[in-house]
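The model shown is predicted, which means the values in this text are computed figures rather than measured ones.
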Amino acid sequence: MSQKISGVKGMNDLLPGDIETWQHVEKLARDMFGRFGYGEIRTPMVEDTALFVRSVGEETDIVGKEMYTFEDKGGRSLSLRPEGTAPSARAYIEHSILNQEPVTRWFYIGPMFRYERMKTGRYRQFFQIGAEAYGAKEPAQDAEIMDMVAQFLSALGLKDVTLNLNSLGDEACRPAYHAKLVEYLQAHRAEVCAECQARMDRNPLRVLDCKNEKCQAIAAAGPNVLDFLCEPCRAHFGDLQRKLTALGIPFVVNSRLVRGLDYYTRTVFEFVAAHPALGTASTVGGGGRYDTMMKGLGGPDVPAVGFAMGLDRLVLLLKETGQAFGAPVDLFVAVADEGSHDAGLALASRLRREGLHVAFDTRGGSLKSQMKRADKTGARFTLVLGEAERSSGKANLKPMAGGDPIPVALDAVAQALRALPSAS
RNA sequence: GCGGCCAUAGCUCAACUGGUUAGAGCGCCGGACUGUGACUCCGGAGGUUACCGGUUCGAUCCCGGUUGGCCGCCCCA
């Protein structure tokens, strides 16, 4: 007996029964994003490690300790993508998209990888649905993309999701805030947690969203990013809030929202769902504006704004609603005797060619066991095919939910089924 | 990366705190009902008690390690 082999920790299989929910979310996303003019892209799951180091930032947790990095046989350092914005930007630059279109809108759906300790809503391979809008620096673009997320979440039927909003300023004003913050934090160095002491040297903004109560109090009493915004940033942020209000999208300004990636400028936002099913993984989606990242990657000077949502978490929330997804079986073809089995297979084949969702027990077996199987598949109707039906060319459609059998001609089953109300 | 809890049938859980052959419900398969499911009754299959080692006359139970899962910190999706 050989050793049983198991999947990689933190990476899950999705099987029928679960997959329908995922497909539903993905379909809704494709529909919704398409409606907003976003085109789907698919980039490789592996990229040059330098791409993430230069965009996401060397001092971030993602790059610093969560990346799956390895060397290929040519000695290149490659990484499994931990997020989707950088690969999209790379593709945008590589294909010189700016020379073709002033404004480009893309979305992607796919797996991301981060080496982390697992828990509810957090996996080493997880799935994101994300979108990026390149070429528009106007607040309207920020508002539109948040509108898209809001409409998508609402189409999914998810409620109690709060939009948190903040502005981190730009190259003109962030340095001043940064300096002031460091100065303030240094003065309180002894009072914050050990973690924050390290953070204030590497990435002081991160102190702002420390969950430690003491650190929170100190951060709250310190300099506020919003007070340091330069005039253009202030105007941009104000305009964005007016537009969101005009669109009827509720939001909360949270001046301590910073997010853990270095590439953001001005707008950052997070959609947070306070549902017990998510545990502490309450952020369902987040994003922001990154007007300088393209240049930093050696590309054109193009402003951009984007976001990503956690598909795993959306599915967790959807499951809580108890909804069922997946296509119902229209008809189960059962056979009354061995001699009719070939005819049953042929009938099922023909009806499938005609577009119906048909189930058939290829193993044959007793009629009773076939009926059980029919019940199990959730088929709306069952048709029993035997010698009598084959010679007369007529059969009955038995409604599995109960009710009288409906007589049909064997060569008109599809038409008959389509004429029946599809509601169960 | 740090701290805590856990691991028994496909699933959810028992097993009188070390003692015969590890049980139940659900699920699966079959029968009662040889052309009609879901309800009922009966039967069947399914376990190296996660893995490795230790203590003991004897370990699902106690100890150590490994792997995996869950929770908090951290961080995010």
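Where A:G287 and A:E387 meet RNA chain B, the nucleotide closest to each residue was compared, and A:E387 sits on the side nearer the 5' end. Residue A:M118 is the one, among A:A281 and A:M118, whose nearest nucleotide of RNA chain B lies closer to the 5' end (criterion: closest heavy atom).
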N/O contacts under 3.5 Å, protein versus nucleotides 1-10 of chain B?
| unit_1 | atom_1 | unit_2 | atom_2 | d |
| --- | --- | --- | --- | --- |
| B:rG3 | O6 | A:R117 | NH2 | 3.4 |

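The distance from atom CG of A:N12 to atom C1' of B:rG69 is 11 Å, rounded to the nearest whole Å. Spacing between atom CG of A:L317 and atom C1' of B:rA77 amounts to 12 Å, rounded to whole angstrom units. The nearest whole Å value for the distance from the CZ atom in A:F360 to the C1' atom in B:rG37 is 17 Å. When the P atom of B:rU36 is taken as reference, atom CZ of A:F332 falls 16 Å away, rounded to whole Å. In this entry the distance linking CG of A:D61 with P of B:rA77 reads 11 Å, nearest Å. Here the C1' atom of nucleotide B:rU36 and the CG atom of A:N396 are 11 Å apart, to the nearest Å. In this structure, A:D375 places its CG atom 10 Å from P of B:rG37, rounding to the nearest Å. We find that NZ of A:K119 is positioned 17 Å from C1' of B:rG68, with the value rounded to whole Å.
Within 4.0 Å of A:Y123, counting heavy atoms only, lies at least one base atom of the nucleic acid. If you check every strand for non-hydrogen atoms under 4.0 Å, A:E83 touches nothing. Among the heavy atoms of the strands, none lies under 4.0 Å from A:G279. Looking at heavy-atom distances under 4.0 Å, A:M112 makes no contact with the nucleic acid at all. A:D312 comes within contact range of no nucleotide atom at all, as no heavy-atom separation falls under 4.0 Å. Among the protein residues, A:R259 comes within range of the sugar-phosphate backbone only, with heavy atoms under 4.0 Å from sugar or phosphate atoms but none that close to a base. Within the 4.0 angstrom heavy-atom criterion, base atoms lie near A:A388. Backbone-only contact: A:G10 has heavy atoms under 4.0 Å from sugar-phosphate atoms and none from a base.
Residue A:S6 places none of its side-chain N or O atoms closer than 4.0 Å to OP1 or OP2 of B:rU67.
When the P atom is compared between B:rA38 and B:rG68, the two are found 43 Å apart, to the nearest whole Å. Here, B:rU12 and B:rG69 have their C1' atoms 16 Å apart, quoted to the whole Å. B:rG25 and B:rC63: their C1' atoms are spaced 34 Å apart (whole Å). Comparing the same atom, P, in B:rC41 and in B:rA24 gives a spacing of 15 Å after rounding to whole Å. Comparing the same atom, P, in B:rG27 and in B:rU40 gives a spacing of 9 Å after rounding to whole Å. Straight-line distance between the C1' atoms of B:rA77 and B:rU60: roughly 39 Å, to the nearest whole Å. To the nearest whole angstrom, the two C1' atoms, one in B:rU67 and one in B:rG53, are 15 Å apart. For B:rG19 and B:rC2, the C1' atoms lie 41 Å apart once the distance is rounded to whole Å.
Under the side chain to side chain donor-acceptor pair (under 3.5 Å) criterion, A:R30 pairs with A:E40, sequence neighbours left out. The salt bridge (charged side-chain N to carboxylate O under 4.0 Å, His left out) test applied to A:R117 returns no partner, not counting sequence neighbours.
In this structure, A:I145 and A:F36 have side chains that are not in contact, with every pair of non-hydrogen atoms separated by 4.5 Å or more. For the pair A:L345/A:V333, no side-chain contact is recorded, criterion being any heavy-atom separation below 4.5 Å from C-beta on. For the pair A:S55 and A:T85, the minimum side-chain heavy-atom distance is 4.5 Å or more. When side chains are defined from C-beta on, A:L244 counts as touching A:L165, because their heavy atoms get closer than 4.5 Å.
Distance from the side chain of A:K9 is smallest for B:rG69 among the nucleotides B:rG69, B:rG35, B:rA77. When each of B:rG37, B:rA77, B:rG35 is scored by its nearest atom to the side-chain atoms of A:A336, the top-ranked nucleotide is B:rG35. Residue A:L261 has its side chain nearest to B:rA77 when only B:rA77, B:rG35, B:rG72 are considered.
Residue pairs meeting the salt bridge (Lys or Arg N to Asp or Glu O under 4.0 Å) criterion with at least one member in residues 265-290 of chain A, sequence neighbours excluded, are A:D142-A:R289, A:D170-A:R266, A:R259-A:E270, A:R289-A:D291.
Counting distance only, with no hydrogens placed and no angle test, the side-chain atoms of A:E270 and the base atoms of B:rA77 include no donor-acceptor pair under 3.5 Å. Judged by distance alone, with hydrogens and angles left aside, A:E389 brings a side-chain donor or acceptor within reach of the base of B:rG35, the pair sitting under 3.5 Å.
Taking the ring axis of A:Y68 as reference, the NZ or CZ atom of A:R114 does not stay both within 45° of it and closer than 6.0 Å to the ring centre.
Between A:E47 and A:R90, at least one side-chain N (NZ, or NE/NH1/NH2) sits under 4.0 Å from a carboxylate O, which counts as a salt bridge.
Under the stacking criterion of a centre-to-centre distance below 5.5 angstrom and an interplanar angle below 30°, A:F126 sits stacked against the six-membered ring of B:rA77.
Counting only distance, with no hydrogens or angles, the side chain of A:R352 and the backbone of A:V358 share a donor-acceptor pair below 3.5 Å. In this structure, the side chain of A:Q370 engages the main chain of A:V335 through a donor-acceptor pair within 3.5 Å.
Pairs of Watson-Crick or G-U wobble type, with distances under 3.5 Å, assemble into runs of 3 or more in RNA chain B at these ranges: B:1-7 with B:67-73, B:10-13 with B:23-26, B:28-32 with B:40-44, B:50-54 with B:62-66.
Residues A:H357 and A:F332 keep their aromatic ring centres 6.0 Å or farther apart. Taking the centre of each ring, A:F107 and A:Y38 stay at or above the 6.0 Å mark.
Residue-environment remark: CD (A:E58) stays at or below the threshold of 12 foreign heavy atoms within 6.0 Å.
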Handout entry: Sequence-aligned protein contact record of nucleotides 26-34 of chain B, with B where the base is within under 4.0 Å of a protein heavy atom and S where only the sugar-phosphate is
Key = --SSS-B--

Exercise for the section: In sequence, state the C-alpha distance, the side-chain angles, and the governing distance for A:W106 and A:T104, and then conclude on side-chain contact (heavy atoms from CB on, under 4.5 Å). Expected result: CA-CA 7 Å; A:W106 283 351; A:T104 299; 3.3 Å; yes

